[in-house]
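The structure appears right after this line, and notes come after that.
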Amino acid sequence: MPFDPAALNPEQRQAVETIDGPLQIIAGAGSGKTRVITMRIARMLERRIPQSQILALTFTNKAAREMGERVREIAGTRLRDLTVSTFHSFGVSILKRHARRLGYRDNFSIYDTQDQMALLRESAREIKMELEHGEAMSILQQFSAAKTGRAPWEDLPAAYRELYDDYSEHLRLYNAVDFDDLIILPERILSEHPDVAEAFQSRFQYIMVDEFQDTSADQYRLLRSLGMAHQNVAVVGDDDQSIYSWRGANYENFAQFERDFPDFVEIRLERNYRSTDTILAAANGVISNNQNRKDKVLWTGTKEGRPIVLTFPEDESSEGMFICDTIKTLALRENLRYGDVCVLVRTNSLTRNLEMTFLSENVPYRMSGGQSFFQRKEIKDITSYIRLCANPDDDVSLLRVINTPRRGIGRKTIETLVETAQSQATSLFGAIAAELHAADSRLGKRARADLASFHSLVEEYRSRIFAKRKMTEALRALVEEIDYWAHLVAEHPNNEKAPKWKYRNVGLFLDFVEQYEKDPDNLSPSPFEFLTRISLDPRDEVDEEHDAGKVNLMTIHAAKGLEHDVVFVAGCEAGIIPHQRAIEEDPANLEEERRLFYVALTRAKRRLYITSCRTRKVMRELRESAPSPFLEEIPDELIETVDAPEAVEEEEGLDYFAAIKAKLGG
DNA sequence: TAGGCCAAGATTTTC
DNA sequence: TCTTGGCCTA
């Protein structure tokens with residue numbers, strides 16, 4: 001049998017064996033948490049608990065895939081009826097089935113931040129409010145806080161309340177939901193419809209939640225509705241790794257769990273199996289500076305390990321070179337595989353330079369996160385067509401494509417449509433139909449003709465896209481029919497390369513759709529399924545194997561739950577980590593930034609490299625930068641400081657020596 | 001009234 | 001560097 005108790009330490013074994021009743025596992029970094037969860041699943045299966053009764057909730061898609069993969073390894077086969085998913089995907093599956101109970105239809109659109117922003121703008125325009133970009137973003141955050149109950153309703157400034165009502169009303173009218181809704185609405189369904197709640201409770205008898213410290217209050221409520229009845233709820237987490245408070249994560253949930261499930265058993269996993277002593281000592285040195293934490297001491301009981309390498313490259317290109325050189329050397333001398341290397345950064349923008357260096361140095365890499373392929377303008381255009389076909393009431397998508405490519409439908413026409421839609425309480429698509437049929441339409445002849453052809457275009461492709469396994473074919477035809485290529489050329493009059501590049505992306509996208517549609521693992525491919533997949537899990541690769549053997553490049557947030565032999569933490573400069581904005585927002589965020597740094601360090605199994613540039617280009621201007629204050633929290637004796645490759649330009653080279661001198665002098 | 005042209009400004013992290 | 005929004009022209 002796959003489950004081997006001898007391979008576990010006593011605490012792990014207890015965690016694996018405790019199947020019934022509430023369980024809280026406090027698992028330090030690298031304490032074999034994922035292993036415990038997967039073994040626990042294996043143990044359940046061994047006890048003949050049907051796969052379909054087990055629900056494992058994770059935080060990121062990456063973690064969900066990773067867990068699915070590990071379970072597959074242990075079980076020796078893919079478990080089709082086992083549910084391993086993120087909270088949000090799980091929310092979608094509830095909502096899809098029961099949307100009608102809340103007055104939604106099951107073809108609802110899921111709005112990402114871009115769409116929300118567009119909707120907010122639209123709502124603001126209607127009530128004659130001007131929004132500047134920054135304000136709009138902050139409003140969306142406040143809406144989210146109010147909506148999820150993170151902040152009391154009264155905290156929402158009175159000036160925004162009308163806007164909020166407008167925004168919510170529109171979402172409903174468009175049959176659209178935002179990410180918050182994916183948690184809140186399912187929770188509402190469960191609490192308002194006991195029959196549905198019972199069905200889910202008896203379907204999922206055993207629930208596990210990974211990264212529990214990052215669960216938000218609304219996610220917790222959803223979990224409670226699912227698990228309260230049978231009490232078989234296991235939560236696993238580590239307060240030191242709580243790094244999502246900005247999105248509502250609240251490790252108070254541990255305390256709440258203890259109150260709601262008083263019969264819980266607590267197990268602490270404090271032995272670290274992942275990292276060397278050196279790496280762990282560094283991480284402990286850093287995290288011990290946080291005041292607000294549960295006291296715990298991780299220990300390894302093994303291998304000392306090499307010192308942590310710290311270097312101060314002159315600029316980001318030198319940083320990239322250092323990283324590439326080091327990787328190549330390790331690959332050559334120690335047979336290190338590229339896939340065992342991970343380069344971590346605080347922000348997505350920092351990946352840009354690294355990517356360029358990887359490309360020029362021929363180091364294969366894969367990027368996770370960052371601006372998704374599906375967020376690109378040209379791809380959004382096409383997906384908006386699909387969305388509109390799937391859900392014609394989706395005004396945000398309609399507005400995006402109604403004049404893309406240009407078909408003579410301008411601002412005035414749209415204003416008229418908006419008025420019609422408002423007075424008839426319908427969507428824009430409904431308004432178009434109404435105007436086309438109305439005898440007394442205020443629209444001119446030409447506008448009506450243009451609208452008529454747009455309307456019939458959507459109607460035609462609506463049926464074509466939904467024809468079984470004909471989505472790719474229909475989309476290719478659509479791209480031809482709207483002559484998207486000509487549109488791209490027209491959009492870039494002074495640039496020949498841009499349209500080619502973008503059209504190539506559209507081609508890649510269509511190939512992706514085709515792969516998706518042909519994939520035998522997708523039991524019922526449909527446009528709706530497809531749209532859900534790309535909104536919730538925006539990977540642009542279908543097969544993971546394609547990426548095996550490449551250096552991993554990602555943000556620290558995305559790396560949570562992962563581990564690699566060799567880890568580089570790049571851009572460890574003041575203002576980057578801790579991030580300036582985070583500190584400005586609230587100085588108390590310093591602790592979360594420190595946890596983030598802690599998470600970064602603890603990803604490393606054998607070797608850890610830290611780079612901190614002396615200068616960095618920020619929006620085209622070169623700025624001096626200081627090392628991150630967190631570097632000083634790592635005990636000196638664990639660190640070995642080395643020289644980075646010299647910067648390319650001579651002048652900068654001189655500065656570099658001056659800087660070294662200054663450092664030696666100071 | 002539509003669309004071209006130009007200037008400004010930009011997301012910290014993810015579902 | 002790229003995208004978005006505003007202004008002006010035909």
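Protein chains get the first letters and strands the later ones, always in sequence-line order, with residue 1 at the start of each.
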Exercise for review: Quickly work out the A:I414 CD1 to C:dG5 C1' distance and round it to whole Å.
Suggested key: 15 Å
Check your understanding: Between A:H579 (NE2) and B:dA10 (P), how many Å, whole number?
Key -> 14 Å
Review point. Mapping A:R352 and A:R121 onto DNA chain C by nearest heavy atom, which one lands closer to the 5' end?
Key: A:R352
Practice item. Select from A:Q141 and A:F59 the residue whose nearest nucleotide in DNA chain B is closer to the 5' end of that strand. Key: A:Q141
Review point. Can any side-chain N or O of A:N253 pair as donor or acceptor with the backbone N or O of A:T215 at less than 3.5 Å?
Key: yes
Study note, to complete from the structure: Residues A:Y104 and A:A176: closest non-hydrogen pair is CE2-O, 3.6 Å
Review point. Ignoring hydrogens and angles, does a donor from either the side chain of A:R247 or the base of B:dT14 sit under 3.5 Å from an acceptor on the other?
Key: yes
Point to revise | Out of B:dT12, B:dT14, B:dC15, whichever nucleotide has its closest atom nearest the side chain of A:A558 | key: B:dT14
**Study point:** Nearest-Å distance for atom pair CE/P, residues A:M117 and B:dT11
**Key:** 7 Å
Point to revise | Contact under 4.0 Å: A:R411 side-chain N or O vs B:dT1 OP1/OP2 | key: no
Practice item. Indicate, with a heavy-atom threshold strictly under 4.0 Å, whether A:R595 touches base, sugar-phosphate, or nothing. Key: nothing
Practice item. Mind calculating the distance between NZ (A:K62) and P (B:dT13) to the nearest angstrom? Key: 16 Å
Check your understanding: Is the ring of A:Y244 stacked on the base of B:dT14, with centres less than 5.5 Å apart and planes under 30° off?
Key -> no
Check your understanding: With no hydrogens and no angle check, is any side-chain donor or acceptor of A:S535 less than 3.5 Å from a backbone partner on A:L531?
Key -> yes
Study note, to complete from the structure: With sequence neighbours left out, the residues meeting side-chain hydrogen bond (donor to acceptor under 3.5 Å, both in side chains) with A:Q422 are A:E126
Practice item. Give me the ring orientation class for A:F512 and A:F509: parallel if the planes are under 30° apart, tilted from 30 to 60°, perpendicular past 60°. Key: parallel
Check your understanding: Atom CD of A:E592 to atom C1' of B:dT14: distance rounded to whole Å?
Key -> 13 Å
Check your understanding: Base, sugar-phosphate alone, or nothing: which one does A:T413 contact when heavy atoms must sit under 4.0 Å apart?
Key -> sugar-phosphate
Review point. Using 30° and 60° as the class limits, which term best fits the ring planes of A:F90 and A:F204: parallel, tilted or perpendicular?
Key: perpendicular
Review point. Using a cut-off of less than 4.0 Å, is there contact between a side-chain N or O of A:K412 and OP1 or OP2 of B:dG3?
Key: no
Check your understanding: Quantified in whole Å, what is the C1' atom distance between nucleotide B:dA8 and nucleotide B:dT12?
Key -> 22 Å
Practice item. May I ask you to verify if any side-chain N or O of A:R407 is less than 4.0 angstrom from the OP1 or OP2 atom of B:dA2? Key: no
Review point. Would one find a side-chain N or O of A:R376 under 4.0 angstrom from OP1 or OP2 of C:dT3?
Key: no
Review point. Do A:R346 and B:dT12 have a side chain to base donor-acceptor pair shorter than 3.5 Å?
Key: yes
Practice item. Round to the nearest Å and state the distance from A:R400 atom CZ to C:dT4 atom C1'. Key: 11 Å
Review point. For atom P, what is the distance between C:dG5 and B:dT11, given to the nearest Å?
Key: 12 Å
Review point. Base, sugar-phosphate, or nothing: which does A:N61 touch, judged by heavy atoms less than 4.0 Å apart?
Key: sugar-phosphate
Practice item. Measure from the side chain of A:E585, starting at C-beta and using heavy atoms only, and say which of C:dT4, B:dT14, B:dT12 lies closest. Key: B:dT12
Revision key, fill the gap. Taking B:dC15, C:dT4, B:dA2 as options, the one with an atom nearest any side-chain atom of A:L536 is B:dC15
Review point. So what does A:K502 hit on the nucleic acid, given a heavy-atom distance under 4.0 Å: a base, only sugar-phosphate, or nothing?
Key: sugar-phosphate
**Study point:** 5' priority, DNA chain B, between A:E491 and A:H557 [closest heavy atom]
**Key:** A:E491
Practice item. Respond yes when some side-chain nitrogen or oxygen of A:S349 is under 4.0 Å from OP1 or OP2 of B:dT11, and no when none is. Key: no
Check your understanding: Picking from B:dT14, B:dT13, C:dT4, which would you name as closest to the side chain of A:T347?
Key -> B:dT13
Point to revise | Distance test, side-chain N/O of A:N348 to OP1/OP2 of B:dT11, below 4.0 Å | key: no
**Study point:** Rounded distance in Å - CZ (A:R594) to P (B:dT12)
**Key:** 22 Å
Check your understanding: Between B:dT14, C:dT4, B:dT12, which one does the side chain of A:K377 approach most closely?
Key -> C:dT4
Review point. Any chance CD of A:E252 has more than 12 other-residue heavy atoms, nucleotides or ligands included, within less than 6.0 Å?
Key: no
Exercise for review: Describe the nucleic acid contact of A:N403 in one word from base, sugar-phosphate, nothing, applying a heavy-atom distance below 4.0 Å.
Suggested key: sugar-phosphate
**Study point:** d(CZ, A:R150; P, B:dC15) in whole Å
**Key:** 16 Å
